[in-house]
Colleague: 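Below is the structure I would like to discuss, written out as structure tokens.
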Amino acid sequence: VASCGACTVHIDGEPARSCQTYIEDVEGAEITTIEAIGETKEGAALQQAWQELDVVQCGYCQSGQIMSAAGLLQENPKPSVEEIHEYMDGNACRCATYQRLRAGIQRASEIMEA
């Protein structure tokens, strides 16, 4: 039902929920998963920030959180706290580490700017 966001991937550079994506709808599309997001500027910055700030708790949602955050930073390299909350709204964290997730996105933005 796409309620958690843990399955988020990028389809032609846009975050999408793979659980609601039919394979025939993405024929010929460029699909990026968590395994390759670190090859992008945003993904590398997020991975560094996640490690620096020890963002992860249980890890269940982290691939989706990083994929959505990378989409945010591609669209808006310097998001405000409100913009982060709004963009990340569809990603649930069972451990409620939302403050750490927000801090990780803010730190990734700083890393990208440096």
Colleague: Please report the shortest heavy-atom distance between Trp50 and Ile105, naming the atom on each side.
Modeller: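 Reported closest heavy-atom pair: CZ3-N, 3.8 Å.
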Colleague: What heavy-atom pair brings Met112 and Pro77 nearest, and what distance separates the two atoms?
Modeller: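 Reported closest heavy-atom pair: CE-CB, 4.1 Å.
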Colleague: Report yes or no: does Tyr87 contribute a side-chain atom to a donor-acceptor pair with the main-chain N or O of Ala69 at less than 3.5 Å?
Modeller: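 Pair absent, no side-chain N/O of Tyr87 close to backbone of Ala69.
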Colleague: What is the distance from atom NE2 of His85 to atom CG of Asp89, rounded to the nearest 0.5 Å?
Modeller: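 It is 10.0 Å, given to the nearest 0.5 Å.
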Colleague: Side-chain donor-acceptor pair under 3.5 Å between Glu110 and Gln106, yes or no?
Modeller: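 Not at all, the side chains of Glu110 and Gln106 share no donor-acceptor pair under 3.5 Å.
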Colleague: Grouping I, L, V, M, F, W and Y whenever their side-chain heavy atoms are under 4.5 Å apart, do Leu53 and Met67 come out in a common cluster?
Modeller: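 Yes.
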Colleague: Tell me whether Ser68 contacts the main-chain N or O of Gln65 through its side chain, where contact means a donor paired with an acceptor under 3.5 Å.
Modeller: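 Flag not set: sc Ser68 to bb Gln65 has no pair under 3.5 Å.
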Colleague: Which heavy atom in Ser109 sits nearest to a heavy atom in Leu73, and how many Å separate them?
Modeller: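 Ser109 and Leu73 have their closest heavy atoms at CB-CD2, 4.2 Å.
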Colleague: Which side-chain hydrogen bond (donor to acceptor under 3.5 Å, both in side chains) pairs, counting each pair once, include a residue from residues 9-27, with sequence neighbours left out?
Modeller: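 Found Thr8-Arg17.
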Colleague: Using modelled atom types and a 3.5 Å cut-off, is there a donor and acceptor pairing between side-chain atoms of Ser63 and backbone atoms of Ala6?
Modeller: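 Side chain of Ser63 to backbone of Ala6: a pair is present.
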Colleague: Using every non-hydrogen atom in the two residues, find where Gln47 and Ile34 come nearest and quote the distance to one decimal.
Modeller: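 Taking every non-hydrogen atom into account, NE2-O, 4.4 Å.
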Colleague: Under 4.5 Å between any side-chain heavy atoms of Ile66 and Ile37, yes or no?
Modeller: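 Result yes, sub-4.5 Å side-chain heavy-atom pair found.
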Colleague: Measure the spacing between CG of Asn91 and SG of Cys4 and express it to the nearest 0.5 Å.
Modeller: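 Rounded to the nearest 0.5 Å, the CG-SG separation comes to 8.0 Å.
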Colleague: Step through the shown structure and confirm whether more than 12 heavy atoms of other residues, nucleotides or ligands are within 6.0 Å of OH on Tyr98.
Modeller: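 For Tyr98, atom OH is crowded (more than 12 foreign heavy atoms under 6.0 Å).
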Colleague: Side chains of Glu86 and Leu72: closer than 4.5 Å at any heavy-atom pair?
Modeller: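 Answer no - side chains too far apart.
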Colleague: Can you check whether Arg100's main-chain N or O pairs, donor with acceptor, with Thr97's side chain at less than 3.5 Å?
Modeller: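 Pair absent, no side-chain N/O of Thr97 close to backbone of Arg100.
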Colleague: How long is the straight-line distance from CD1 of Ile111 back to NZ of Lys41, given to the nearest 0.5 Å?
Modeller: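 Output value for this atom pair is 12.5 Å.
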Colleague: Which is it for Ser80 and Glu82 under the side chain to side chain donor-acceptor pair (under 3.5 Å) test, yes or no, and what are the steps along the way?
Modeller: CA-CA 5 Å; Ser80 68; Glu82 289 174 359; 5.1 Å; no
Colleague: CG/Leu101 to CD/Gln57 distance, rounded to the nearest 0.5 angstrom?
Modeller: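 Rounded to the nearest 0.5 Å, the CG-CD separation comes out at 10.0 Å.
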Colleague: Which pair of non-hydrogen atoms, one from Ala92 and one from Ser3, has the smallest distance, and what is that distance?
Modeller: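 Taking every non-hydrogen atom into account, CB-O, 4.4 Å.
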Colleague: Taking the side chain as everything from C-beta on, heavy atoms only, tell me whether Cys58 gets closer than 4.5 Å to Arg94.
Modeller: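 Yes, side chains in contact.
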Colleague: Would you say Val55 and Arg107 make side-chain contact, with heavy atoms under 4.5 Å?
Modeller: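 Not touching, per the 4.5 Å side-chain cut-off.
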Colleague: Using every non-hydrogen atom in the two residues, find where Cys19 and Cys7 come nearest and quote the distance to one decimal.
Modeller: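 Scanning both residues, the minimum pair turns out to be N-SG, 3.3 Å.
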Colleague: Answer with yes or no whether the hydrophobic clustering places Tyr60 together with Met88; edges join I, L, V, M, F, W, Y residues whose side-chain heavy atoms lie under 4.5 Å apart.
Modeller: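 No.
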